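Since this is a predicted model, take the numbers as computed values, not measurements.
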Amino acid sequence: MVIGVITIELHLPSANSLKAKRKIVLSLKDRLKAKFNLSVAELDDNDLWQRCVLGMAIIANDKVYANNVLSKAADMVNSTPDAVVTGSNLEWF
């Protein structure tokens with residue numbers, strides 16, 4: 001069994017309020033959950049308008065499969081027009 005966790009730090013330049021931030025983050029989280037069947041949560045910077053740290057986790061039998069899924073999910077986050085990735089970290093357990 002392999003557990004993969006990726007944390008992605010985001011800058012949300014178009015968010016001018018917490019309500020706008022929640023809209024962007026909730027939409028992104030829902031799309032990631034639906035497409036990749038990942039556990040997704042906002043981990044940090046909850047009270048800052050233009051910053052967000054997302055965490056995504058997957059449990060799988062094969063590390064290659066888990067890595068492919070997390071890689072595709074990170075690519076999806078990178079292609080989101082409302083969010084700019086400022087950092088990421090991948091861990092295996």
Side-chain angles (χ1 to χ4, degrees):
M1 176 173 66
V2 174
I3 302 170
V5 177
I6 187 168
T7 55
I8 299 178
E9 299 172 17
L10 299 172
H11 175 66
L12 310 170
S14 64
N16 55 7
S17 67
L18 285 176
K19 185 176 181 180
K21 174 189 174 180
R22 280 194 304 270
K23 181 180 177 186
I24 295 167
V25 172
L26 185 60
S27 171
L28 182 57
K29 284 173 35 180
D30 288 344
R31 286 185 286 137
L32 287 165
K33 288 178 188 178
K35 185 164 185 168
F36 300 108
N37 196 22
L38 295 170
S39 295
V40 183
E42 184 177 358
L43 302 177
D44 202 5
D45 297 332
N46 295 344
D47 295 333
L48 300 177
W49 294 358
Q50 295 186 332
R51 291 197 51 182
C52 174
V53 178
L54 280 184
M56 297 178 277
I58 186 170
I59 299 175
N61 290 334
D62 184 21
K63 186 175 181 179
V64 174
Y65 170 76
N67 191 36
N68 286 339
V69 172
L70 290 175
S71 174
K72 289 178 184 176
D75 290 343
M76 183 178 179
V77 173
N78 278 328
S79 67
T80 302
D82 294 328
V84 177
V85 175
T86 59
S88 66
N89 184 33
L90 178 62
E91 297 179 68
W92 297 101
F93 302 97

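Val5 and Ile58 end up in different hydrophobic clusters when Ile, Leu, Val, Met, Phe, Trp and Tyr side chains are linked at under 4.5 Å.
Asp45 pairs in a side chain to side chain contact (heavy atoms under 4.5 Å, CB included) with only one of the listed residues (Leu43, Leu48, Asp47), which is Leu48. The side chain to side chain contact (heavy atoms under 4.5 Å, CB included) test with Val77 is passed by exactly one of Val40, Ile8, Ile6: Ile8. Of the listed residues (Val53, Ile24, Val25, Leu28), just one forms a side chain to side chain contact (heavy atoms under 4.5 Å, CB included) with Leu10, and that residue is Leu28. Each of Asp62, Asn67, Asn61 was scored for a side chain to side chain contact (heavy atoms under 4.5 Å, CB included) with Tyr65, with one residue passing: Asp62.
Side chains of Leu90 and Leu70 form a contact here, defined as non-hydrogen atoms less than 4.5 Å apart. Under the 4.5 Å side-chain criterion, counting only non-hydrogen atoms from C-beta, Ile59 is in contact with Met1.
A donor-acceptor contact shorter than 3.5 Å is absent between the side chain of Lys29 and the backbone of Ala41. With hydrogens and angles disregarded, a donor-acceptor distance shorter than 3.5 Å links the side chain of Lys21 to the backbone of Arg51. Checking side-chain atoms of Thr80 against main-chain N and O of Ala83 turns up no donor-acceptor pair under 3.5 Å. Within the 3.5 Å criterion, the main-chain N or O of Met76 finds a donor-acceptor partner in the side chain of Ser79. Using a distance-only test at 3.5 Å, with no hydrogens or angles considered, no donor-acceptor pair links the side chain of Ser88 to the main chain of Thr7. Gln50 places a side-chain N or O within donor-acceptor distance of the main-chain N or O of Pro13, the cut-off being under 3.5 Å.
The number of heavy-atom neighbours closer than 6.0 Å to CH2 of Trp92, taken from other residues, nucleotides and ligands shown, is above 12. Counted within 6.0 Å of CG on Asp75, heavy atoms from surrounding residues, nucleotides or ligands total more than 12; the atom is thus considered enclosed.
Of all non-hydrogen atoms in Ala66 and Ala60, the two that sit nearest each other are CB-CB, 4.1 Å.
Taking a cutoff of 4.0 Å between a charged side-chain nitrogen and a carboxylate oxygen, Arg22 and Glu42 do not qualify as a salt bridge.
A distance of 10.5 Å separates CZ of Arg31 from CG of Leu26, quoted to the nearest 0.5 Å. In this structure, the separation between CD on Glu9 and CG on Asp44 is 8.5 Å, given to the nearest 0.5 Å.
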